Amino acid sequence: MCEKCRQVIENLALNIEVLLQDLDAIPNTKKLIQLDKTIICNSLLGLSRQKIANIVNLPGQNIADRLSKIIYPKIAHIMGVDQEEIAGNWVSILNFLLKSQNGYRLNPPPQLNSDNFQGSFGRQVFIYPANQKIVQYQIQGTNFYQQGLYYQAFQCFLEAWNQELKDYKIGNPEVLIYINNCLIEYKKSFLQEKGIKIYTLAVVTPFFHNQGQVAAEILRGISQIQLQVNLQSFEQISLGSEINLDDITPNIYLPSICSCSQIALQILVVNDPNNLYDPYNQTAEKLAELAPQLNLIAIIGHYSSEMTKNALRFYKQKGLALINFSSTSNELSQLSIDESLSFFRLTTPDVINAKKMANYLIEQVSSQPPKKVALIYNQNSSYSISYRNSIRQYLEQHQDKFVFLKECNYISENYYIVQQYIEYLKKDDVDIIIIIPDGGIEPNSLENAGLISRLNINNCLIAGSATFYHANVLHWIHEQTPCNITNQNNRQIIACIPWHWQSQENGCASSNSIPENFCKMGAKLWGIENLTWRSATAFDSVLIILKVLEECHSKSSKDLLTHMDLYFKKHRNRVKGVTGLIQFDKSGDRLDPPAEIVAIRWDETQKKWRWEIR
């Protein structure tokens with residue numbers, strides 16, 4: 001970018017590059033040369049024709065000729081006026097360019113970040129690959145976005161997206177969200193002219209938990225539904241005739257998410273530090289304060305039960321709906337009435353997950369001698385305690401089948417401390433280990449769960465809650481048992497989760513068309529095995545908002561909250577989603593939420609361990 005172009009951007013807040021591209025795109029006219037671009041920039045900055053001539057070291061008549069023969073005809077064409085009306089009248093030209101509906105005035109996004117808050121529409125990227133070339137594209141995209149240069153930001157993010165697909169065979173969902181956001185900002189006036197309503201959602205996710213893998217799983221679901229909705233709206237304004245959207249459009253038939261195509265989705269990505277003990281964590285408080293300024297229609301998040309419970313008090317005060325995709329603690333089923341009005345939970349509470357797991361274990365040991373059971377959890381996590389209480393309550397009803405060993409309630413401690421407990425289990429011939437890591441509020445829990453999962457203690461069964469379900473477990477087991485055929489079939493590791501792509505009821509081959517299409521699209525963007533229960537519940541979180549917006553045409557966050565309460569909790573309407581039929585009770589919990597048992601199995605064809613449905 002030339003220095004004069006930068007000055008136009010900084011001093012006049014005009015997207016000069018888009019203007020120059022539009023001038024060049026006029027049919028049956030000559031392309032602008034560098035001299036023409038210099039003349040245009042300097043004229044917009046208020047320089048006289050003679051001063052411009054002095055700068056470029058040419059006679060004034062040369063400048064006049066370029067203006068009358070090349071520049072003014074092009075600008076007049078864009079403005080839809082005769083050349084005589086604007087020749088020499090740069091004030092009139094500037095006034096035209098500064099009108100926001102004409103698409104050249106920059107509208108830089110607000111600066112949101114502070115020491116205690118990190119949120120991004122495209123100003124910041126949280127998920128970086130190892131490839132520095134891709135990182136540079138990402139950084140260039142954020143720099144352009146900060147200036148309000150949304151077309152240029154789109155091009156950089158698109159390069160990052162394509163390069164990552166090429167190098168890693170998997171797309172970055174955060175970058176896909178920013179691509180969508182850029183296109184919405186770039187074509188905002190055109191969308192509005194077509195009567196397409198732009199809604200803004202905030203998605204709160206823990207980028208620091210498990211090296212960003214949890215956040216990526218969540219954002220896959222969010223970005224898929226955003227893209228699916230926005231492609232319909234982009235088609236309404238014929239965006240594909242101007243910009244090639246093939247790189248982000250899966251080459252498959254996708255039915256409409258909404259019966260109308262009058263909605264576009266903009267996503268604010270927010271990082272939740274997910275640290276229960278951080279006194280400076282003001283994510284929810286700050287987000288609630290920003291909601292009116294950003295026109296947020298609803299909040300999707302948080303990840304851990306502890307963070308969700310803490311956040312609710314801020315959102316309820318602002319009349320914001322909190323749609324939760326991952327917090328399972330039973331404590332969230334017992335909210336005060338003012339908190340429950342704002343709360344809708346898509347995932348499965350611990351009491352139901354634990355019952356599914358308990359029934360599976362009871363069935364497995366039905367005709368066998370009593371089994372010794374060990375529980376490993378985090379006493380500092382309300383979620384971990386909630387699941388522990390539920391699973392123990394169910395299993396204790398079958399004392400003839402299960403004998404409980406001493407518990408370990410310090411999974412978040414140093415592994416050498418946990419290891420002492422493991423040695424005790426080995427000596428006591430444990431049969432079943434139930435692992436309940438917290439939702440990332442303490443860093444050691446997941447790592448310790450992985451170390452425990454590697455142990456092959458007398459071929460005992462290791463059963464995990466939904467927080468145990470990670471690709472990490474597969475990697476850890478592969479390190480220990482990469483190709484040992486003897487041990488491959490002896491591995492007994494299971495987990496209970498809300499959804500799996502192989503589910504008979506709600507998987508890719510089920511009779512439910514929504515997960516079928518969800519899986520088809522996900523397979524194209526990131527590979528089907530990278531769609532997890534977190535992706536599915538995140539997708540459904542947006543889906544239920546869309547259904548209410550479509551039905552009630554909510555104009556504000558307070559309207560949406562009222563309409564969601566009426567639609568789901570009072571009238572008990574149902575919506576079919578990826579995870580099955582979605583219906584809520586008055587507390588915000590789902591009625592008949594899904595639960596699936598999955599196990600780790602060796603895939604002989606792919607030569608790797610996989611989570612598979614039981």
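What you see below is based on every heavy atom in this structure, not just the backbone, and it leaves out hydrogens, waters and symmetry mates. None of the values given here were measured: they were computed from a predicted structure.
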Asker: I need the Ile222 CD1 to Arg220 CZ distance, nearest 0.5 Å.
Answerer: 13.0 Å

Asker: Does either side chain, that of Asn131 or that of Gln163, offer a donor lying less than 3.5 Å from an acceptor on the other one?
Answerer: no

Asker: Would you mind reporting whether Thr532 and Trp611 have side-chain heavy atoms less than 4.5 Å apart?
Answerer: no

Asker: Evaluate the ring planes of Tyr186 and Tyr151, with Trp represented by its six-membered ring, and classify them as parallel (under 30°), tilted (30 to 60°) or perpendicular (over 60°).
Answerer: tilted

Asker: Who passes ring pair (Phe, Tyr, Trp, His ring centres under 6.0 Å) against His470, sequence neighbours left out?
Answerer: none

Asker: Please lay out, stage by stage, how Trp526 and Leu531 fare under the test side-chain contact (heavy atoms from CB on, under 4.5 Å).
Answerer: CA-CA 8 Å; Trp526 5 81; Leu531 288 175; 3.9 Å; yes

Asker: Hey, mind stepping through Asn180 and Leu265 against side-chain contact (heavy atoms from CB on, under 4.5 Å) and telling me if it holds?
Answerer: CA-CA 8 Å; Asn180 274 269; Leu265 283 181; over 6 Å; no

Asker: Please tell me if the side chains of Pro498 and Pro593 come closer than 4.5 Å, counting only heavy atoms from C-beta onward.
Answerer: no

Asker: Listed by chain and number, what are the side chain to side chain contact (heavy atoms under 4.5 Å, CB included) partners of Thr562, not counting sequence neighbours?
Answerer: Leu566

Asker: Ignoring hydrogens and angles, write down the donor-acceptor pairs under 3.5 Å from the side chains of residues 135-145, residues two or more places apart or on other chains.
Answerer:
unit_1 : atom_1 : unit_2 : atom_2 : d
Thr142 : OG1    : Ile139 : O      : 2.7
Asn143 : ND2    : Ile139 : O      : 3.4

Asker: Kindly compute the distance separating CG (Asn113) from CD (Gln111), expressed to the nearest 0.5 Å.
Answerer: 5.5 Å

Asker: Looking only at the side chains, is there a donor atom on one of Tyr383 and Ser465 sitting less than 3.5 Å from an acceptor on the other?
Answerer: yes

Asker: Once you round to the nearest 0.5 Å, how far does OG1 of Thr205 lie from CE of Met307?
Answerer: 13.5 Å

Asker: Taking the six-membered ring for Trp and the full ring for Phe, Tyr or His, determine whether the centres of Phe518 and Trp499 are under 6.0 Å apart.
Answerer: yes

Asker: Is there a side-chain contact (heavy atoms from CB on, under 4.5 Å) between Leu294 and Leu112? Walk through the geometry before answering.
Answerer: CA-CA 10 Å; Leu294 301 176; Leu112 304 177; 3.9 Å; yes

Asker: Under 4.5 Å between any side-chain heavy atoms of Ile436 and Asn378, yes or no?
Answerer: no

Asker: Quick one: pull up CZ in Arg123 and OH in Tyr178 and give me the separation to the nearest 0.5 Å.
Answerer: 11.5 Å

Asker: Under 4.5 Å between any side-chain heavy atoms of Ser557 and Leu296, yes or no?
Answerer: no

Asker: Taking the side chain as every heavy atom from C-beta outward, state whether Val214 and Pro206 have any pair of such atoms under 4.5 Å apart.
Answerer: yes

Asker: Have Asn330 and Ser386 got a donor and an acceptor in their side chains that come within less than 3.5 Å?
Answerer: yes

Asker: Using a 3.5 Å distance criterion without hydrogens, assess whether the side chain of Thr537 forms a donor-acceptor pair with backbone atoms of Ser326.
Answerer: no

Asker: Considering residues at least two apart in sequence or located in another chain, which fulfil the side chain to side chain contact (heavy atoms under 4.5 Å, CB included) criterion with Asp338?
Answerer: Lys316, Ser336

Asker: Just jot down the salt bridge (charged side-chain N to carboxylate O under 4.0 Å, His left out) partners of Arg345, sequence neighbours excluded, or say none.
Answerer: Asp589

Asker: Applying salt bridge (charged side-chain N to carboxylate O under 4.0 Å, His left out), can you list everything that pairs with Glu10, at least two apart in sequence or on another chain?
Answerer: none

Asker: Test side-chain contact (heavy atoms from CB on, under 4.5 Å) on Ile544 and Tyr567 and set out the steps.
Answerer: CA-CA 10 Å; Ile544 65 168; Tyr567 188 83; over 6 Å; no

Asker: By the salt bridge (charged side-chain N to carboxylate O under 4.0 Å, His left out) test, which pairs, at least two apart or in different chains, include something from residues 144-173?
Answerer: none

Asker: Who pairs with Ser503 by side-chain hydrogen bond (donor to acceptor under 3.5 Å, both in side chains), at least two apart in sequence or on another chain?
Answerer: Glu596

Asker: Keeping to residues at least two apart or across chains, list the side chain to side chain donor-acceptor pair (under 3.5 Å) pairs with something in residues 300-311.
Answerer: Asp272-His302, Asn274-Ser304, His302-Tyr315, Tyr303-Arg534, Glu306-Ser381, Glu306-Ser382, Thr308-Asn324, Thr308-Ser327

Asker: Are Leu245 and Leu183 close enough that some pair of their side-chain heavy atoms sits under 4.5 Å apart?
Answerer: yes

Asker: Enumerate the residue pairs fulfilling side chain to side chain donor-acceptor pair (under 3.5 Å) with a member in residues 286-297, sequence neighbours excluded, ordered by first and then second residue.
Answerer: none

Asker: Taking atom types as modelled, is there a side-chain donor on Asn15 or Gln152 under 3.5 Å from an acceptor on the other?
Answerer: yes

Asker: Verify whether one side chain among Asn512 and Ser510 offers a donor that lies under 3.5 Å from an acceptor in the other.
Answerer: no

Asker: Does any part of the side chain of Leu268, heavy atoms only, come nearer than 4.5 Å to the side chain of Leu290, both counted from C-beta?
Answerer: no

Asker: For Lys188, give me all partners under salt bridge (charged side-chain N to carboxylate O under 4.0 Å, His left out), at least two apart in sequence or on another chain.
Answerer: Glu185

Asker: Rounded to the nearest 0.5 Å, how far apart are CG of Leu149 and CG of Asn107?
Answerer: 11.5 Å

Asker: Using a distance-only test with no angle check, is there a side-chain donor-acceptor pair under 3.5 angstrom linking Asp350 and Thr328?
Answerer: yes

Asker: Atom CD1 of Ile177 and atom CG of Asn172: how far apart are they, to the nearest 0.5 Å?
Answerer: 9.0 Å

Asker: With a cut-off of under 6.0 Å to the ring centre and 45° to the axis, is Lys187 in cation-pi contact with Tyr150?
Answerer: no

Asker: Tell me yes or no: between the side chains of Ser445 and Asp438, is some donor less than 3.5 Å from an acceptor?
Answerer: yes

Asker: So, using side chain to side chain contact (heavy atoms under 4.5 Å, CB included) as the criterion, who are the partners of Lys197 when residues are at least two apart?
Answerer: Tyr199

